[in-house]
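Beneath this line is the structure, given in structure tokens, with notes to follow.
The figures here come from the full heavy-atom set of this structure, side chains too, leaving out hydrogens, waters and symmetry mates.
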Amino acid sequence: MAPKKRVVRRRDAARVSAAGLRLWAPWRYEYLRSVRSDRQACIFCFGKLSEAERRARLVLFDNRDVLVMLNKYPYNNGHVMVAPRSHVASPELLARADRAAFGDAVAASIKAMRASLHPAAFNVGANLGLAAGAGFAEHLHWHIVPRWAGDNNFMPVLASTRVLSQSLEDGYEQLRPIFKNLGAELS
């Protein structure tokens with residue numbers, strides 16, 4: 001007996017074979033393996049970094065109060081995360097001074113990316129808690145995603161696939177010099 005073909009019903013009520021919906025992302029295995037082996041690891045908690053470690057972790061800026069890093073699994077080119085140094089899960093748990101520094105870092109990051117990347121708009125927000133989709137629910141962080149007219153083409157609609165037009169390495173090279181001076185903006 002032949003195996004039954006899986007069929008997926010799309011929003012427009014069309015039926016398509018599920019056979020073509022498999023996407024391979026082998027680079028995610030390293031991340032999944034590390035999360036499984038070290039449940040206590042937090043990507044936002046680290047000490048002093050060498051320039052090589054900074055590049056490997058995609059850290060664009062850090063000081064005693066906040067850090068900014070490229071998202072290793074971005075929704076779009078230039079997708080960064082801004083986090084306070086305090087390991088807390090929600091904004092109300094931050095001290096007033098930490099909330100101010102965190103808010104200033106979000107605003108300064110948007111300003112820096114606006115000047116460097118020239119996006120048409122931004123998506124800015126946080127996922128507070130696992131049920132809200134937070135990958136690192138124990139450490140508060142905001143996502144800043146630059147958007148351009150036309151960055152959503154036919155791929156998400158027809159193939160449920162996002163196409164990123166810039167590598168993480170190229171994005172890091174473009175943004176690191178701008179974010180290196182973010183400390184002056186935050187002073």
How far apart are the closest heavy atoms of [X] and [Y], and which atoms are they?
X: A137; Y: A89; answer: O-CB, 3.4 Å
X: P119; Y: P146; answer: CB-CB, 3.8 Å
X: V68; Y: S109; answer: CG2-OG, 3.6 Å
X: A134; Y: N127; answer: CB-O, 3.1 Å
X: A108; Y: L182; answer: CB-CD1, 3.5 Å
X: R147; Y: N123; answer: NH1-OD1, 2.8 Å

Output, in order, the C-alpha distance, side-chain angles, deciding distance and verdict of side chain to side chain contact (heavy atoms under 4.5 Å, CB included) for R176 and R54. CA-CA 10 Å; R176 176 67 176 132; R54 178 179 298 287; 3.2 Å; yes
I want to check something: taking the side chain as every heavy atom from C-beta on, are [X] and [Y] in contact at a cut-off of under 4.5 Å?
X: L70; Y: L175; answer: yes
X: N181; Y: F61; answer: no
X: L117; Y: N77; answer: no
X: V80; Y: L60; answer: yes
X: H87; Y: C45; answer: yes
X: F44; Y: M81; answer: yes
X: Q174; Y: Q166; answer: yes
X: S86; Y: L93; answer: no

Calculate, to the nearest 0.5 Å, the distance between atoms [atom1] and [atom2] belonging to [X] and [Y] respectively.
X: H79; Y: I144; atom1: NE2; atom2: CD1; answer: 9.0 Å
X: L49; Y: R57; atom1: CG; atom2: CZ; answer: 6.0 Å
X: F122; Y: N76; atom1: CZ; atom2: CG; answer: 11.0 Å
X: L67; Y: F102; atom1: CG; atom2: CZ; answer: 9.0 Å
X: H143; Y: N71; atom1: NE2; atom2: CG; answer: 6.0 Å

Practice item. Kindly indicate, with the supporting measurements, whether the criterion side chain to side chain contact (heavy atoms under 4.5 Å, CB included) is fulfilled by I178 and M113. Key: CA-CA 8 Å; I178 285 95; M113 289 195 303; over 6 Å; no
D98 with R85: basic N within carboxylate O range, under 4.0 Å: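 No, D98 and R85 are not salt-bridged.
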Got a donor-acceptor contact below 3.5 angstrom from the [X] side chain to the [Y] backbone?
X: N63; Y: V66; value: yes
X: S116; Y: A112; value: no
X: R99; Y: L94; value: yes

Please confirm whether H141 and H139 have ring centers closer than 6.0 angstrom.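 Aromatic pair excluded; centres sit 6.0 Å or further apart.
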